[in-house]
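Note on naming: letters A, B, ... go to the chains in the order of the sequence lines (proteins, then strands), and numbering restarts at 1 for each one.
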Amino acid sequence: KQEVTQIPAALSVPEGENLVLNCSFTDSAIYNLQWFRQDPGKGLTSLLLIQSSQREQTSGRLNASLDKSSGRSTLYIAASQPGDSATYLCAVRSGYSTLTFGKGTMLLVSP
Amino acid sequence: KAGVTQTPRYLIKTRGQQVTLSCSPISGHRSVSWYQQTPGQGLQFLFEYFSETQRNKGNFPGRFSGRQFSNSRSEMNVSTLELGDSALYLCASSTVLTGGNTGELFFGEGSRLTVL
């Protein structure tokens with residue numbers, strides 16, 4: 001059974017800092033991994049999708065990497081802004097429909 | 001391009017009642033999946049539908065059911081509601097890639113169910 005762990009559970013940083021969020025998974029036989037952000041009381045917004053054959057994906061100030069052999073993915077956020085404050089979730093797809101989420105990292109960026 | 005639409009956004013029910021939630025996927029997306037989000041358990045997979053067929057089901061009791069229509073719209077139903085069913089129910093849509101794998105997920109805003 002796939003298990004996904006996100007560390008840290010919460011993170012508070014001043015505006016402008018570069019930061020790294022971590023996601024680890026127990027079964028390396030994955031199809032893809034997706035990073036989301038969730039604002040309080042809202043749905044999930046897709047940030048980046050990494051296929052199992054890829055090593056990283058970039059979108060603006062965000063960069064996500066994937067190391068299947070070690071069961072890890074990182075989400076790098078450059079020059080953080082208060083608007084980046086949200087909960088960040090990673091989700092690992094291990095089969096056609098089987099998607100396992102981590103519990104998330106709650107990020108607070110202070111002005 | 002319209003996103004994933006879920007209705008209703010908020011609802012309050014009492015124990016023993018049943019509820020039906022609706023999800024309209026992004027145009028062209030034929031896969032719809034449902035998730036339950038609670039503070040204690042986080043996000044848990046309920047089921048996925050593709051071409052009106054349930055492809056996979058999470059570890060939830062039979063009180064939770066769903067269906068998909070020919071236009072890809074989906075509904076989920078929870079019967080005999082319990083207090084523990086209070087949660088944010090999220091629907092996601094996606095394309096299905098060659099080989100059957102599900103592509104990038106796009107979520108709706110969710111339906112927040114409160115059971116009293």
Side-chain angles (χ1 to χ4, degrees), chain A residues 1-10 23-25 27 29-54 57-59 62 64 66 68 73 75 86-106, chain B residues 3-7 9-10 21 23 25-26 29-51 53-59 66 68 87-112 114:
Chain A
K1 178 188 171 188
Q2 181 74 269
E3 293 181 4
V4 179
T5 304
Q6 291 188 246
I7 295 174
C23 172
S24 61
F25 45 94
D27 184 352
I30 69 170
Y31 286 99
N32 59 44
L33 183 147
Q34 195 166 352
W35 283 93
F36 299 89
R37 68 172 281 169
Q38 184 176 31
D39 294 287
K42 301 288 189 179
L44 278 64
T45 300
S46 177
L47 297 173
L48 290 164
L49 171 71
I50 310 178
Q51 301 293 350
S52 61
S53 58
Q54 297 174 319
Q57 281 282 1
T58 298
S59 176
L62 305 178
L66 174 64
K68 275 201 318 177
S73 176
L75 179 66
T87 296
Y88 289 79
L89 296 142
C90 76
V92 174
R93 185 171 300 281
S94 305
Y96 283 161
S97 313
T98 306
L99 192 67
T100 307
F101 282 85
K103 293 289 179 72
T105 294
M106 187 181 301
Chain B
V4 178
T5 304
Q6 291 188 245
T7 57
R9 290 292 315 280
Y10 303 91
L21 309 178
C23 174
I26 291 171
H29 286 190
R30 295 169 59 196
S31 169
V32 174
S33 51
W34 289 88
Y35 302 84
Q36 181 196 65
Q37 187 176 33
T38 59
Q41 298 298 319
L43 267 159
Q44 293 184 284
F45 171 73
L46 281 158
F47 28 65
E48 184 201 7
Y49 287 88
F50 172 65
S51 292
T53 301
Q54 187 180 88
R55 291 216 295 178
N56 203 357
K57 190 179 190 318
N59 190 24
Q68 187 181 33
L88 180 65
Y89 289 88
L90 291 163
C91 162
S93 77
S94 61
T95 57
V96 175
L97 309 174
T98 304
N101 210 352
T102 306
E104 186 175 4
L105 287 181
F106 295 88
F107 279 80
E109 291 292 316
S111 293
R112 182 163 296 281
T114 301

Check your understanding: Partners of A/Glu3 by side chain to side chain donor-acceptor pair (under 3.5 Å), sequence neighbours excluded?
Key ->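 Result, side chain to side chain donor-acceptor pair (under 3.5 Å) vs A/Glu3: none returned.
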Point to revise | Contacting moiety of A/Lys103, where chain B heavy atoms sit under 4.5 Å | key: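 Contact with chain B is through the side chain of A/Lys103 alone.
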Review point. Between B/Arg112, B/Gln37, B/Glu109, B/Lys57, which residue shows the highest count of heavy-atom pairs closer than 4.5 Å to chain A?
Key: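 Greatest number of close heavy-atom pairs with chain A: B/Glu109.
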Under 4.5 Å from any heavy atom of chain A - which part of [X]:
| X | result |
| --- | --- |
| B/Leu43 | both |
| B/Gln41 | backbone |
| B/Leu88 | side chain |

Please tell me if the side chains of [X] and [Y] come closer than 4.5 Å, counting only heavy atoms from C-beta onward.
| X | Y | value |
| --- | --- | --- |
| B/Leu90 | B/Gln6 | yes |
| A/Cys23 | A/Leu75 | no |
| A/Arg93 | B/Leu105 | yes |

Check your understanding: Where does the angle between the aromatic ring planes of A/Phe36 and A/Phe101 fall among parallel (under 30°), tilted (30 to 60°) and perpendicular (over 60°)?
Key ->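 Rings of A/Phe36 and A/Phe101: tilted, as their planes differ by 30° to 60°.
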